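Report on one structure; see the data block that follows.
Worth saying up front: this structure is predicted, and the values here are computed from it rather than measured.
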Amino acid sequence: MGNFSFKEDLQKTANALGLEIRIAHYPPYTSKYNPIEHRFFPHVTRACEGVVFDSVETVKTLISRTSTSKGLTTIVHILDKIYETGRKYAADFKEIMPIVFDTHLPKWNYRAIPQE
């Protein structure tokens, strides 16, 4: 149930917004790929073929123009924030963690319920 700093931030966000946040991952041992990514990434790859990535803006433009014949499109946002690595969670968060883990695949599916 690792990455407690993420779960701690998730709980803080749920508290701040007053909304329940549900996380559901595609676990690697039950699904070899995310079906949306699997259908879309070949189109992104094709849109980028032969192009020199000379800037982040070039990549953003190429990916944002990508679509499928079935109408699948994408919205691209560039996050230029520098993220801290190796962050530690609060000492007692693991013991008092209010995250609710699902009964089905609890490692991959859980909820942060806002607290008062």
Q: Could you walk me through whether Asp102 and Trp108 pass the side chain to side chain contact (heavy atoms under 4.5 Å, CB included) test, one step at a time?
A: CA-CA 8 Å; Asp102 291 2; Trp108 300 99; over 6 Å; no
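- At a threshold of 4.5 Å between non-hydrogen side-chain atoms, the residues Phe40 and Thr66 count as touching.
- Nearest heavy-atom pair, Cys48 versus Ile63, reported as atom, atom and distance to 0.1 Å: SG-CG1, 4.5 Å.
- Note: Tyr110 and Phe101 have tilted aromatic rings, judged against thresholds of 30 and 60 degrees for the angle between ring planes.
- Scanning all heavy atoms of the two residues, the minimum distance from Thr73 to Ser67 falls at CG2-CB, 3.8 Å.
- Using modelled atom types, no side-chain atom of Glu20 and backbone atom of Ala112 make a donor-acceptor pair closer than 3.5 Å.
- His43 contributes atom NE2, which lies 10.0 Å from atom OG1 of Thr45 (distance to the nearest 0.5 angstrom).
- Environment of CZ in Arg22: crowded, with over 12 heavy atoms of neighbouring residues, nucleotides or ligands closer than 6.0 Å.
- Between the Thr68 side chain and the Leu72 main chain, a donor and an acceptor come within less than 3.5 Å of each other.
- Side chains of Thr61 and Thr58: no donor on one and acceptor on the other come within 3.5 Å.
- Val100 and Ile23 fall into different hydrophobic clusters, where Ile, Leu, Val, Met, Phe, Trp and Tyr side chains are chained together by heavy-atom contacts under 4.5 Å.
- At least one donor-acceptor pair under 3.5 Å links the side chain of Asn15 to the backbone N or O of Gln115.
- Taking CG from Leu17 and NZ from Lys12, the interatomic distance works out to 14.0 Å, rounded to the nearest 0.5 Å.
- Counting only heavy atoms from C-beta outward, the side chains of Lys60 and His77 never approach each other to under 4.5 Å.
- Atom OG1 of Thr74 is separated from atom CZ of Arg65 by 14.0 Å, given to the nearest 0.5 angstrom.
- When all heavy atoms are compared, the tightest approach of Gly18 to Pro114 is C-CG, 3.6 Å.
- The side-chain heavy atoms of Leu10 and Ile99, taken from C-beta on, include a pair separated by under 4.5 Å.
- A donor-acceptor pair under 3.5 Å is formed between the side chain of Gln11 and the backbone N or O of Ile113.
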Q.
With side chain to side chain contact (heavy atoms under 4.5 Å, CB included) as the criterion, how do Glu57 and Ile78 come out once you've worked through the C-alpha distance, each side chain's angles and the decisive distance to 0.1 Å?
A. CA-CA 9 Å; Glu57 196 58 42; Ile78 303 299; 5.5 Å; no
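- A continuous path of hydrophobic side-chain contacts links Val51 to Phe41 [ILVMFWY only; heavy atoms under 4.5 Å].
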